[in-house]
Amino acid sequence: MKTETQQGSVKSKIENSPALNFEIKIHEQPTDALEATVYEEATAIVPQTPLVSWLVLVAVLTVSAVYIGSHISGGWVPADDGILAQSALRVMQGQLPHRDFAEIYTGGLSMIHALAFRVFGVNLMSLRYCAFLFCLAWIPAVYYIALRFTSAIAAGLITLVAVAWSYPNYPAAMPSWYNLFFATFGAAALLRYLDVRRAKWLVAAGMCGGVSILIKVIGAYYIAGALLFLAFLEQSDTQSKAQIDGPIESSGPDRKSAGLYRLFATAALLLFLATVVYVFHARLGMGEFYDFVLPSAVLVVAILLGERLGGSGARQAATAERFKSLLRLLIPFVVGILLPVIVFLSLYAKSQSLGQLFSGVISSAIARSVGLGVIRPVGIEKSIYALALVGVIAASIYWREFQGKLVGAAAVLGLAVILVKAATSGEIVSGVWYSVATLTPWIVLLGAAWALTTAKRGSATKLQRQRVMVLISLAAVCTLVQYPFAAPIYFCYAAPLTLLAVVAIVATAKKQPGTWVLASLAGFYLLFGVVRLVPDHAYELTHQVGQMDELRLERAGGLRIEYAANFADLMKLLQQHSPNGLMYAGNDCPELYFLSGLKNATRDDGGASEEDVLRALQSDDLKLVVINESPFFPSARMGSKVREEVERKFPQSQMAGIFHVYWRP
């Protein structure tokens with residue numbers, strides 16, 4: 001083992017080396033706690049030229065901003081934009097989510113969007129501008145992560161692919177986009193921690209999880225993925241230390257308890273896996289098992305196998321030392337989670353409404369889990385497309401025959417033909433989509449297998465294995481965002497994390513450059529996203545999106561939608577028949593409240609309970625009721641009791657598209 005003097009000498013050489021990436025900051029790393037050796041830091045970061053890296057980032061940001069900006073005002077799912085805007089408006093007016101109105105998410109996003117209303121104005125586009133700004137902050141994080149594994153040009157291309165397969169496909173300010181953004185910020189913080197081993201980066205990673213869960217409870221998926229990685233990290237560091245210094249062994253009575261940590265770790269991992277299985281047990285088909293359970297199970301098995309394959313020295317390490325090592329990782333991370341959560345909870349503690357907050361969050365999460373469960377994930381049989389993609393990638397990074405320009409030209413030609421044919425072939429579009437939508441389990445499986453085999457053979461550095469595990473852990477757990485509503489757009493909420501995991505594995509495991517084929521694949525999926533995926537409006541499930549025109553309403557803010565003129569006429573009709581500004585718009589049409597400026601007669605803008613609706617109908621002040629006759633979710637259909645009461649008390653009515661408008665003098 002090097003002395004401190006020897007380490008300082010090596011550090012000096014590294015710091016003065018122009019070939020190394022400008023992100024290396026050795027002075028941040030304490031000399032007495034080098035968890036990753038100097039050699040690992042020198043070899044695990046791809047050499048970069050700072051100027052080129054910055055120029056590529058500026059170019060990628062510019063292209064992305066222009067591209068996203070050209071799509072940000074087009075299309076909507078009325079209930080989504082409506083509920084986000086209506087909740088933000090209530091917060092801006094001084095109400096608290098769950099205390100004063102029924103909030104379908106945690107409540108943090110409504111507070112962010114209320115601020116957006118104050119900055120950009122009270123209209124639907126203000127929320128999209130807010131999400132757009134977060135997206136622009138997210139793009140450098142994606143680039144930063146990719147740059148840890150590959151060159152600046154390649155990282156720029158990868159970032160553009162991530163952009164094309166994410167936010168532009170549905171530019172509404174949905175909470176799941178924010179969950180993706182903060183998961184990526186967290187991944188970048190964890191990777192930075194591996195470089196410098198400063199606890200502040202664990203705190204930053206934890207804060208990303210805390211903010212994410214305040215936006216939507218599924219931010220817990222990121223936290224779970226990060227915790228799995230930290231369990232692996234403790235194991236990896238302990239094994240590495242045992243190999244270098246020899247194990248810190250127990251003696252006497254303590255030796256008998258050396259297995260207590262392993263018992264604790266095993267129980268915690270199995271509990272996590274049991275929780276995942278329990279969540280899906282009511283509808284656990286092969287699709288759910290493959291897409292959701294298998295990736296998490298692979299991670300759990302990999303960590304458990306790591307305990308057995310890690311060598312006797314690591315297995316004999318004292319339980320107390322291992323718990324200390326784990327707590328050194330967990331405490332800063334948990335502190336980071338708690339910081340934003342405590343600030344958020346304090347708002348409710350002041351008004352003694354913490355009980356309403358917790359009750360509202362839990363009931364909303366349960367109701368949405370039940371109500372949204374109408375689309376199941378892609379079947380396991382479709383994973384053959386992902387396997388074909390994995391095969392091509394494997395050939396390009398392992399076979400010498402795949403390195404020539406002739407093979408690269410053939411790949412470009414073949415992929416170009418597929419792209420052209422996709423314009424007229426739904427089967428080709430579906431095949432390309434399946435090759436990505438079913439990729440995550442394969443990537444997690446291959447990444448975990450690579451980490452285990454290289455640890456045993458010593459064919460990769462500890463730092464390389466840890467970096468790969470960061471990304472496959474987050475990709476494995478964050479893919480759960482697709483449950484219980486596995487619509488295509490929900491895959492886009494997690495696709496960039498899978499892409500970054502692919503990049504990590506390919507860059508660290510490859511034996512051949514594979515430049516031509518890999519560049520061709522990246523270019524193909526970028527173009528497919530731009531010319532096929534985004535224009536097809538993956539968010540729309542009920543029909544093919546047609547001509548979109550500007551919705552000429554003050555609160556639309558320039559949003560372009562289908563049948564804009566008809567919708568504007570509907571708003572005039574509603575305002576005409578509500579002289580006191582009060583309305584009940586039933587079953588999943590909150591956009592009517594926001595765009596018309598009329599006040600809800602209940603506290604639930606998405607869909608009040610039958611009892612609350614019947615109670616509201618008894619008020620003499622209520623002159624206007626709207627029923628959505630064609631809600632997407634079966635659970636949102638209006639009940640017969642409410643319909644009968646509406647028809648009895650509101651004798652005049654008119655159909656306006658899918659909306660049945662009732663009023664009385």
Side-chain angles (χ1 to χ4, degrees), residues 64 67-85 104-105 109 113 124-125 127-132 134-135 138 162-181 215-216 218 368 371-378 426 429-430 432-434 436-437 478-479 481-496 498 528-549 551 556-564 567 588-591 594 606 628 630-633 636 658:
S64 299
Y67 179 69
I68 297 172
S70 67
H71 291 84
I72 194 173
S73 63
W76 72 333
V77 173
D80 287 347
D81 284 273
I83 197 66
L84 293 172
I104 65 174
Y105 303 116
L109 184 58
H113 284 166
L124 294 179
M125 286 303 300
L127 305 187
R128 297 192 177 206
Y129 295 148
C130 179
F132 176 59
F134 273 91
C135 185
W138 168 73
V163 169
W165 280 74
S166 57
Y167 182 64
N169 288 278
Y170 184 31
M174 297 302 292
S176 296
W177 289 130
Y178 291 90
N179 292 138
L180 169 63
F181 300 157
I215 290 173
K216 189 178 180 181
I218 63 169
R368 287 182 63 80
L372 294 182
V374 296
I375 298 180
R376 308 194 73 166
V378 175
V429 172
S430 297
V432 175
W433 171 260
Y434 292 144
V436 179
C478 289
T479 193
V481 68
Q482 300 175 78
Y483 180 82
F485 188 60
I489 192 62
Y490 275 72
F491 171 74
C492 295
Y493 293 141
T498 296
F528 182 85
V530 170
V531 303
R532 296 305 313 162
L533 192 60
V534 174
D536 280 349
H537 304 284
Y539 63 87
E540 181 54 66
L541 301 173
T542 60
H543 66 279
Q544 187 71 30
V545 176
Q547 175 65 34
M548 290 187 289
D549 301 301
L551 179 58
L559 183 69
R560 294 180 295 109
I561 66 171
E562 297 176 280
Y563 312 111
F567 213 89
D588 211 15
C589 46
E591 72 280 5
F594 183 76
N628 180 358
S630 184
F632 178 80
F633 297 102
I658 64 172

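All heavy atoms count here, side chains included; hydrogens, waters and symmetry mates do not.
When all heavy atoms of Ala538 and Pro488 are compared, the closest pair comes out as O-CB, 4.3 Å. Closest approach of Leu551 and Ala564 over heavy atoms only: CD1-O, 3.4 Å. Nearest heavy atoms, Ala79 versus Asp588: CB-OD1, 3.6 Å.
One N or O on the side chain of Glu562 and one on the backbone of Gly546 form a donor-acceptor pair closer than 3.5 Å. Side-chain atoms of Asn169 come within 3.5 Å of backbone N or O of Ala164 as a donor-acceptor pair.
The shortest side-chain heavy-atom distance between Gln547 and Arg560 does not fall under the 4.5 Å cut-off. Looking at heavy atoms from C-beta onward, Val530 lies in side-chain contact with Tyr67 at the 4.5 angstrom threshold.
Applying the side-chain contact (heavy atoms from CB on, under 4.5 Å) criterion to Tyr129, with sequence neighbours excluded, gives Ile72, Phe120, Met125. A search for side chain to side chain donor-acceptor pair (under 3.5 Å) contacts involving Thr498 returns Thr440, not counting sequence neighbours. Remark: Gln544 pairs with no residue by the side chain to side chain donor-acceptor pair (under 3.5 Å) rule, at least two apart or across chains. The side-chain contact (heavy atoms from CB on, under 4.5 Å) check on Ser430 picks up Tyr434, with sequence neighbours excluded. Residues passing the side-chain contact (heavy atoms from CB on, under 4.5 Å) test with Val531 are Leu419, sequence neighbours excluded. Partners of Ala162 according to the side-chain contact (heavy atoms from CB on, under 4.5 Å) rule, which considers only residues two or more places apart in sequence or in another chain, are Trp138, Val142, Pro496, Leu499. Thr479 is linked by a side chain to side chain donor-acceptor pair (under 3.5 Å) to Gln482, counting only residues two or more places apart in sequence or in another chain. By the ring pair (Phe, Tyr, Trp, His ring centres under 6.0 Å) test, Tyr563 is found to be paired with no residue, residues two or more places apart in sequence or in another chain being considered. Scored by the salt bridge (charged side-chain N to carboxylate O under 4.0 Å, His left out) test, Asp536 finds Arg532 as partners (sequence neighbours excluded). For the ring pair (Phe, Tyr, Trp, His ring centres under 6.0 Å) test, residues two or more places apart in sequence or in another chain that qualify with Tyr178 are His113, Phe134. In this structure, the side chain to side chain donor-acceptor pair (under 3.5 Å) partners of Asp81, at least two apart in sequence or on a different chain, are Arg128.
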CA sep, side-chain torsions, deciding dist, call: Phe132, Ile68, side chain to side chain contact (heavy atoms under 4.5 Å, CB included): CA-CA 8 Å; Phe132 176 59; Ile68 297 172; 3.6 Å; yes

Candidate pair Tyr105 and Ile215, rule side chain to side chain contact (heavy atoms under 4.5 Å, CB included), full reasoning: CA-CA 7 Å; Tyr105 303 116; Ile215 290 173; over 6 Å; no

Candidate pair Tyr167 and Leu180, rule side chain to side chain contact (heavy atoms under 4.5 Å, CB included), full reasoning: CA-CA 10 Å; Tyr167 182 64; Leu180 169 63; over 6 Å; no

Steps toward ring-ring contact (aromatic ring centres under 6.0 Å, His included) verdict (Phe491, Trp433): CA-CA 10 Å; Phe491 171 74; Trp433 171 260; 5.6 Å; yes

Worked verdict on Tyr483 versus Tyr490 for side chain to side chain contact (heavy atoms under 4.5 Å, CB included): CA-CA 9 Å; Tyr483 180 82; Tyr490 275 72; over 6 Å; no

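In this pair, Trp76 and Phe567 present their aromatic rings perpendicular. The plane angle is above 60°, beyond the 30 to 60° band.
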Show me the donor-acceptor pairs, under 3.5 Å and distance only, between side chains in residues 170-177 and residues at least two apart or in other chains.
residue	atom	partner	partner atom	Å
Tyr170	OH	Asp80	OD2	2.6
Ser176	OG	Lys216	NZ	3.1
Trp177	NE1	Tyr170	O	2.8

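Taken from CG in Asn628 to CD1 in Ile658, the straight-line distance is 4.0 Å, to the nearest 0.5 Å. Here the CZ-CG distance, from Phe594 to Leu84, works out to 10.5 Å after rounding to the nearest 0.5 Å. A distance of 10.0 Å separates CG of Leu533 from OG of Ser166, quoted to the nearest 0.5 Å.
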